[in-house]
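Let me begin by presenting the structure, written as C-alpha cells, before commenting on it.
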Amino acid sequence: MSKTSIWEQTKSIVVVWSYQDEQQMRAFVKAIDHFLQQKKFAQTLIIVNVPKDLDKKNLPPHFLIYYNSPADYSMFGKLKDIQLDAELHKNYDLLIWNGSLDVKIYGALQSTKISKRLLLNAEGKNFDLQIDTAQTDAQAQLQYIQQTLERIAQ
C-alpha cells in the first residue's frame, strides 16, 4: 500500500494568520497569492486576525481573505460575519495556524471539521502537528510548511 504525504492529500485548506503591521500584511498577501498559484486547493479559507482598533478598510483588499477582529463578534460571542460563519461550517483537510491562539476565531474553528491541524511557532492543544521555523518572512514560512508536509506520509 503506497502512502501519500499530508500535502498530497490536502485539497481544502484554512490559513489563519495574525496581523503584525502594514508591511507584514502586504508581504503576507503577496506570499499567499504565490502559495495559492499552485491551484492545488479546491477550497480555501484565509483568516487574518487584526486588532479591534485597526480600520479594516485600510488593509490590502483580497478576495480570499477575511479580516477578523474582536469587534466582529456579538456580546454573546457569536460571529457577526454571516459569510465567514458559513465558511466555518464546511469541511477542510488542513488548518495552518500562525499566531496567538488567544483570539475569538480559535473557539469558532473548534467546531469546524478539519482533518489535520498544524500550529506554527507556538504550542497549543488540539493540534496534530506543531512545527517551528526560524523564518520570519511569510513566503518562507509557507514554503517551509509545504516542504515539511510533503515529507510526512500518512
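Note that the coordinates shown come from a computational prediction; the quantities given were computed from them, not determined experimentally.
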Considering all heavy atoms, the nearest [X]-[Y] contact:
{"X": "G124", "Y": "L101", "value": "CA-CD1, 3.8 Å"}
{"X": "P51", "Y": "P70", "value": "C-CD, 4.2 Å"}
{"X": "S18", "Y": "S100", "value": "OG-N, 3.6 Å"}
{"X": "T44", "Y": "L64", "value": "O-CD2, 4.3 Å"}
{"X": "L79", "Y": "D85", "value": "CD2-N, 3.7 Å"}
{"X": "Q43", "Y": "Y92", "value": "NE2-CE2, 3.1 Å"}

Checklist entry - Among pairs that include at least one residue of residues 52-63, which meet side-chain hydrogen bond (donor to acceptor under 3.5 Å, both in side chains), considering only residues two or more places apart or in two chains? => result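 Those involving residues 52-63 are D33-H62, K56-D72.
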Donor-acceptor pair between [X] and [Y] side chains, under 3.5 angstrom:
{"X": "D137", "Y": "Y144", "answer": "no"}
{"X": "E150", "Y": "Q146", "answer": "yes"}
{"X": "Q9", "Y": "T4", "answer": "yes"}

With a 4.5 Å limit on heavy-atom distance, are the side chains of [X] and [Y] in contact?
{"X": "Q143", "Y": "Q139", "result": "no"}
{"X": "I145", "Y": "T133", "result": "no"}
{"X": "E22", "Y": "M25", "result": "no"}
{"X": "L120", "Y": "I131", "result": "yes"}
{"X": "I6", "Y": "L129", "result": "yes"}
{"X": "I47", "Y": "E87", "result": "no"}
{"X": "I46", "Y": "L36", "result": "yes"}
{"X": "I105", "Y": "N49", "result": "yes"}

Enter the distance from [X]:[atom1] to [Y]:[atom2] here, rounded to the nearest 0.5 Å.
{"X": "K116", "Y": "I13", "atom1": "NZ", "atom2": "CD1", "result": "14.5 Å"}
{"X": "S74", "Y": "K80", "atom1": "OG", "atom2": "NZ", "result": "7.0 Å"}
{"X": "R117", "Y": "Q110", "atom1": "CZ", "atom2": "CD", "result": "5.5 Å"}
{"X": "L45", "Y": "L84", "atom1": "CG", "atom2": "CG", "result": "6.0 Å"}

Whether over 12 other heavy atoms sit under 6.0 Å from [X] [atom1]:
{"X": "Q147", "atom1": "CD", "value": "yes"}
{"X": "K11", "atom1": "NZ", "value": "yes"}
{"X": "D21", "atom1": "CG", "value": "yes"}
{"X": "K40", "atom1": "NZ", "value": "yes"}

Next on the checklist: Using modelled atom types and a 3.5 Å cut-off, is there a donor and acceptor pairing between side-chain atoms of Q130 and backbone atoms of L119?
Outcome noted: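 No, Q130 side chain to L119 backbone: no donor-acceptor pair under 3.5 Å.
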In this structure, would [X] and [Y] fall into the same cluster of hydrophobic residues linked by side-chain contacts under 4.5 Å?
{"X": "V48", "Y": "V29", "result": "yes"}
{"X": "F35", "Y": "I114", "result": "no"}
{"X": "Y106", "Y": "L95", "result": "yes"}
{"X": "I96", "Y": "L109", "result": "no"}
{"X": "I32", "Y": "V14", "result": "no"}

Item to check | Inter- and intrachain pairs under ring-ring contact (aromatic ring centres under 6.0 Å, His included), touching residues 13-34, at least two apart | outcome: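 Residue pairs passing ring-ring contact (aromatic ring centres under 6.0 Å, His included), neighbours aside: W17-F28.
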Checklist entry - Taking only residues two or more places apart in sequence or in another chain, which ones pass salt bridge (Lys or Arg N to Asp or Glu O under 4.0 Å) with E8? => result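 For E8, no residue satisfies salt bridge (Lys or Arg N to Asp or Glu O under 4.0 Å) once neighbours in sequence are set aside.
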Item to check | Intermediate values then yes/no, side chain to side chain donor-acceptor pair (under 3.5 Å), Y73 and N68 | outcome: CA-CA 9 Å; Y73 295 84; N68 186 55; 3.1 Å; yes
Item to check | Passing candidate, side chain to side chain contact (heavy atoms under 4.5 Å, CB included) with W7, options L149, T148, I152, D93 | outcome: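 Going through L149, T148, I152, D93 one by one, the side chain to side chain contact (heavy atoms under 4.5 Å, CB included) with W7 is satisfied by L149 alone.
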Next on the checklist: Can you classify the ring geometry of F127 versus W97 as parallel (below 30°), tilted (30 to 60°) or perpendicular (above 60°)?
Outcome noted: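 Perpendicular: the ring planes of F127 and W97 meet at over 60°.
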